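Report on the structure given below.
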Protein chains: 2
Amino acid sequence: MTIRLADAGEQNVLKPCIHDYQVNCGNCRLNSICLPLALESDDIEQLDEIIQRSKPLQKSQHLYREGDVFKSVYAVRSGAMKAYKTTDDGREQVTGFYFPGEILGMDGISNNLHASSAKALETAAVCEIPFTSLEKLSTLMPSLQRHFFQLMSREITEDQQLITLLSKNSADERVASLMLSISTRNSKRKLSATQFRLPMSRVDIGNYLGLTVETVSRVFSRMQKLDILRVDNKEIKILDVSGLQKLANVAS
Amino acid sequence: MTIRLADAGEQNVLKPCIHDYQVNCGNCRLNSICLPLALESDDIEQLDEIIQRSKPLQKSQHLYREGDVFKSVYAVRSGAMKAYKTTDDGREQVTGFYFPGEILGMDGISNNLHASSAKALETAAVCEIPFTSLEKLSTLMPSLQRHFFQLMSREITEDQQLITLLSKNSADERVASLMLSISTRNSKRKLSATQFRLPMSRVDIGNYLGLTVETVSRVFSRMQKLDILRVDNKEIKILDVSGLQKLANVAS
DNA sequence: AGCACACCTTGACGCATATCAAGGATAGAA
DNA sequence: TTCTATCCTTGATATGCGTCAAGGTGTGCT
């Protein structure tokens with residue numbers, strides 16, 4: 001079986017290797033998102049050495065589960081992941097969606113146990129970054145230490161954004177915000193900011209935003225009627241960005 | 001003017017100094033919460049040297065404001081603080097309450113700007129920990145580096161708890177959870193787990209939990225009627241812990 | 001002590017979103 | 001292709017919490 005990743009193709013020409021999903025950090029297309037480091041090139045090589053690239057995950061396969069011993073954080077290389085917790089009464093709470101270049105698993109550091117589960121929303125490849133190696137390397141490379149402090153801090157500010165969204169905003173505003181967030185993250189990866197395919201189901205969206213499926217569906221219908229979005233199942237086209245921003249109630 | 005802190009009294013007998021609010025980390029009563037480090041005593045001394053202890057904040061005084069340049073994180077030494085963000089449309093979102101031994105300000109690391117404001121809920125003393133010094137020290141002391149990774153990770157998991165609470169739980173469950181959280185944090189500080197004075201207003205509670213003042217007030221009345229709490233303005237007495245846990249919908 | 005202002009409580013009512021229900025669309029399997 | 005399971009949409013109804021309104025309580029200032 002040949003595994004072929006969209007991002008890996010060009011590298012293979014230059015640098016063939018046993019598995020064609022092998023890439024290295026130095027020429028990974030995503031390193032500006034994943035590691036916006038002021039790293040010297042031999043620093044990157046050191047980092048590259050500790051990172052493990054494993055076989056892609058199939059859709060709905062778990063990367064780790066809540067309660068697993070924490071060993072590594074992970075960078076998404078292709079595809080998309082969701083993180084979720086199971087509440088005491090057995091329901092699920094989606095805590096985040098992760099796209100290529102984004103890091104997940106940092107919530108496991110505090111107790112050495114993963115505080116949430118991570119599951120592939122579609123076929124996905126990840127880079128595994130063993131945390132003890134990362135810690136050691138961080139003491140040697142101040143810029144790497146700083147970068148990880150920043151990454152974790154960003155996770156905190158993003159969670160606080162979501163808290164505000166859940167606490168203060170209407171269903172329309174929540175869905176609009178998520179669409180804008182995905183749009184922004186896409187454009188950081190040099191993909192279309194106005195047209196994309198949602199990797200997650202309506203249930204996941206609702207779960208993440210504290211809404212029911214029905215409400216999410218109705219919001220999409222409403223936005224379509226207002227010519228703000230064109231929704232065709234999971235295909236989204238943003239027709240009116242500023243209208244969407246107005247709906248999301250954010251300063252552009 | 002003489003400033004006197006509850007925690008500082010006994011230290012002054014042993015180690016008088018210019019300001020009687022001066023304490024050091026080595027004999028601070030809170031160091032088991034603030035720094036549960038496997039630090040050697042001379043490590044603690046090094047940490048102690050970078051920490052600045054300033055004059056207490058008066059009620060409603062700001063420690064920092066959203067958008068301020070980020071220089072330090074802060075440990076609460078006495079009193080209580082709240083952190084909040086101002087939304088694009090000018091409303092306030094309380095993102096956390098901080099009690100003695102707890103650390104705030106870590107959301108400023110990612111952009112070198114504070115992502116939220118911090119305000120004293122009552123007269124409060126804080127320890128200022130300059131971040132660049134902390135970073136330098138962390139490269140030299142792996143256990144300190146690890147500790148800060150853990151602290152930030154804990155902030156992430158706590159935010160995720162709040163996300164779940166806001167997304168899935170009723171008004172009763174939210175208020176019950178907050179009461180249990182304060183109770184737990186009190187007992188970590190060797191204070192009563194069943195009787196305490198809330199430092200924050202009903203507005204702040206509602207704001208934090210995504211509820212209106214009126215709803216918070218009604219929940220308190222309801223819990224009082226059920227003999228779960230005794231509420232006398234800001235004085236809270238928990239009469240039925242397991243009843244409260246049941247209301248909060250958490251596994252005890 | 002007396003006043004003023006902020007904070008808290010309670011009630012009546014309305015609305016946004018959940019819930020319940022049913023049918024349609026889509027995608028993977030045989 | 002056809003079957004089947006999952007996902008999505010839409011409508012009708014219910015409800016928890018917000019909103020509006022009014023009055024009470026506590027606290028700090030003069």
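As the structure is a computational prediction, the values presented were derived from the model and not from experiment. Just so it is clear: chains get the letters A, B, ... in the order the sequence lines come, proteins before strands, and each one is counted from 1.
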Just checking, is any N or O donor in the side chain of [X] or [Y] under 3.5 Å from an acceptor N or O on the other one?
X: A:Glu92; Y: A:Thr86; result: no
X: A:Arg185; Y: A:Ser181; result: yes
X: A:Asn249; Y: A:Lys168; result: no
X: B:Ser167; Y: A:Gln93; result: yes

Worksheet item: Within a strict 4.5 Å, meaning less than it, do heavy atoms of the B:Met200 and B:Ile205 side chains meet?
Response: yes
Fill in: A:Lys119 and A:Leu57, any side-chain heavy atoms less than 4.5 Å apart
no
Worksheet item: Of all nucleotides in DNA chain C with an atom under 4.0 Å from a non-hydrogen atom of chain A, which is the first and which the last going 5' to 3'?
Response: C:dT17 to C:dT26
Discussion item. So, applying salt bridge (charged side-chain N to carboxylate O under 4.0 Å, His left out) with B:Asp172, which one of B:Lys246, B:Arg222, B:Arg218 is it?
Written reply: B:Arg222
Worksheet entry | Proximity of A:Tyr74 and A:Tyr64 rings by center, below 6.0 Å | yes
Worksheet item: Once each nucleotide of nucleotides 8-24 of chain D is scored for protein heavy atoms under 4.0 Å, what B/S/- sequence comes out, 5' to 3'?
Response: SBBBB----SSBB----
Worksheet entry | Whether B:Phe97 and B:Tyr208 hold their rings parallel, tilted or perpendicular, with breakpoints at 30° and 60° | tilted
Worksheet item: What is the minimum heavy-atom distance between B:Ala171 and B:Thr215, and which atoms define it?
Response: CB-CG2, 3.7 Å
Fill in: Overall bend - the helix from C:dA1-D:dT30 to C:dA30-D:dT1, comparing terminal axes fitted on five pairs, nearest 10 degrees
50°
